[in-house]
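Following: one structure in structure tokens, then a few remarks.
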Amino acid sequence: QLVESGGGLVQAGDSLRLSCAASGRTFSTYGMGWFRQAPGKEREFVAGISWNWNGGRTVYADSVKGRFTISRDNPKNTVYLQMNSLKPEDTAVYYCASAPRTVAPTTPVDYWGQGTQVTVSS
């Protein structure tokens, strides 16, 4: 089970940190990631981090590179998405995802969270 939190309404240029708490599995052996879906658009990859023994390698969508940072805290079974310099085009429902070993743009995801709304006003 994946449970997201931390979404909200912010202004352009502000920061937010999303959290995703995982349960029911050996967290450190799974890749974790974040996707988002804006109204009228398909769900898109945002960021992913591999399982712990692969060094926690990260990958980002070009649209968020340099502004967003994904990290994981294995003892807390939690993955984070630190979002800085937010833009109105970042407005979307953000979903946490997990898959064996890593989460990348084309990785088949085996579990999804319920989503958390992020709204960035101009």
Side-chain angles (χ1 to χ4, degrees):
Q1 183 181 8
L2 303 175
V3 180
E4 302 99 332
S5 61
L9 171 63
V10 297
Q11 294 187 334
D14 285 352
S15 298
L16 271 180
R17 189 177 79 158
L18 305 183
S19 300
C20 173
S23 61
R25 57 178 54 193
T26 306
F27 180 76
S28 61
T29 67
Y30 277 77
M32 301 295 296
W34 292 92
F35 289 73
R36 67 186 181 187
Q37 188 167 19
K41 295 186 176 181
E42 294 187 352
R43 191 173 298 189
E44 64 175 3
F45 171 82
V46 175
I49 186 166
S50 65
W51 65 316
N52 192 49
W53 283 278
N54 201 26
R57 294 176 186 173
T58 59
V59 60
Y60 297 94
D62 288 343
S63 59
V64 307
K65 213 172 281 185
R67 299 188 299 122
F68 291 11
T69 302
I70 188 171
S71 61
R72 64 190 299 160
D73 186 335
N74 289 333
K76 294 184 178 180
N77 284 4
T78 301
V79 63
Y80 304 99
L81 185 68
Q82 178 66 43
M83 306 185 294
N84 299 330
S85 302
L86 282 162
K87 305 175 181 180
E89 51 264 44
D90 294 319
T91 295
V93 177
Y94 283 72
Y95 296 91
C96 181
S98 72
R101 299 182 183 178
T102 193
V103 172
T106 58
T107 302
V109 170
D110 59 356
Y111 286 100
W112 294 96
Q114 83 287 352
T116 185
Q117 177 70 47
V118 172
T119 303
V120 184
S121 63
S122 57

Between [Y] and [X], is there a side-chain heavy-atom distance shorter than 4.5 Å?
X	Y	value
Val59	Thr102	no
Val79	Ile70	yes
Phe27	Thr78	no
Gln117	Thr91	yes

* Lys/Arg-Asp/Glu bridge criterion (N-O < 4.0 Å) met for Asp90, Lys87 -> no

Could you state the interatomic distance from [atom1] ([X]) to [atom2] ([Y]), rounded to the nearest 0.5 Å?
X	Y	atom1	atom2	value
Arg101	Arg57	CZ	CZ	12.5 Å
Gln37	Glu42	CD	CD	8.0 Å
Phe45	Tyr60	CZ	OH	9.0 Å
Asn77	Arg72	CG	CZ	9.0 Å
Phe68	Thr58	CZ	OG1	14.0 Å
Arg36	Arg43	CZ	CZ	13.0 Å

Looking at every heavy atom in both [X] and [Y], which two are closest together, and how far apart are they?
X	Y	value
Ala92	Ala38	CB-N, 3.8 Å
Ala12	Pro88	CB-CD, 4.1 Å
Thr107	Ala99	CG2-CB, 3.7 Å
Ala22	Leu2	CB-CD2, 3.6 Å

Connected via hydrophobic side-chain network under 4.5 Å: [X] and [Y]:
X	Y	value
Leu16	Ile49	yes
Trp51	Tyr80	no
Trp34	Met32	yes

* Would you please name every residue forming a side chain to side chain contact (heavy atoms under 4.5 Å, CB included) with Val109, sequence neighbours left out? => Phe35, Ala97, Trp112

Backbone of [Y] reached by a side-chain donor or acceptor of [X] within 3.5 Å:
X	Y	value
Ser121	Val10	yes
Arg67	Ser85	yes
Gln82	Thr69	no

* To do: Under the side chain to side chain contact (heavy atoms under 4.5 Å, CB included) rule, what do Leu18 and Glu4 come out as? Steps first, then yes or no, please.
  => CA-CA 7 Å; Leu18 305 183; Glu4 302 99 332; over 6 Å; no

* salt bridge (Lys or Arg N to Asp or Glu O under 4.0 Å) against Asp110, all qualifying residues, sequence neighbours excluded -> Arg25

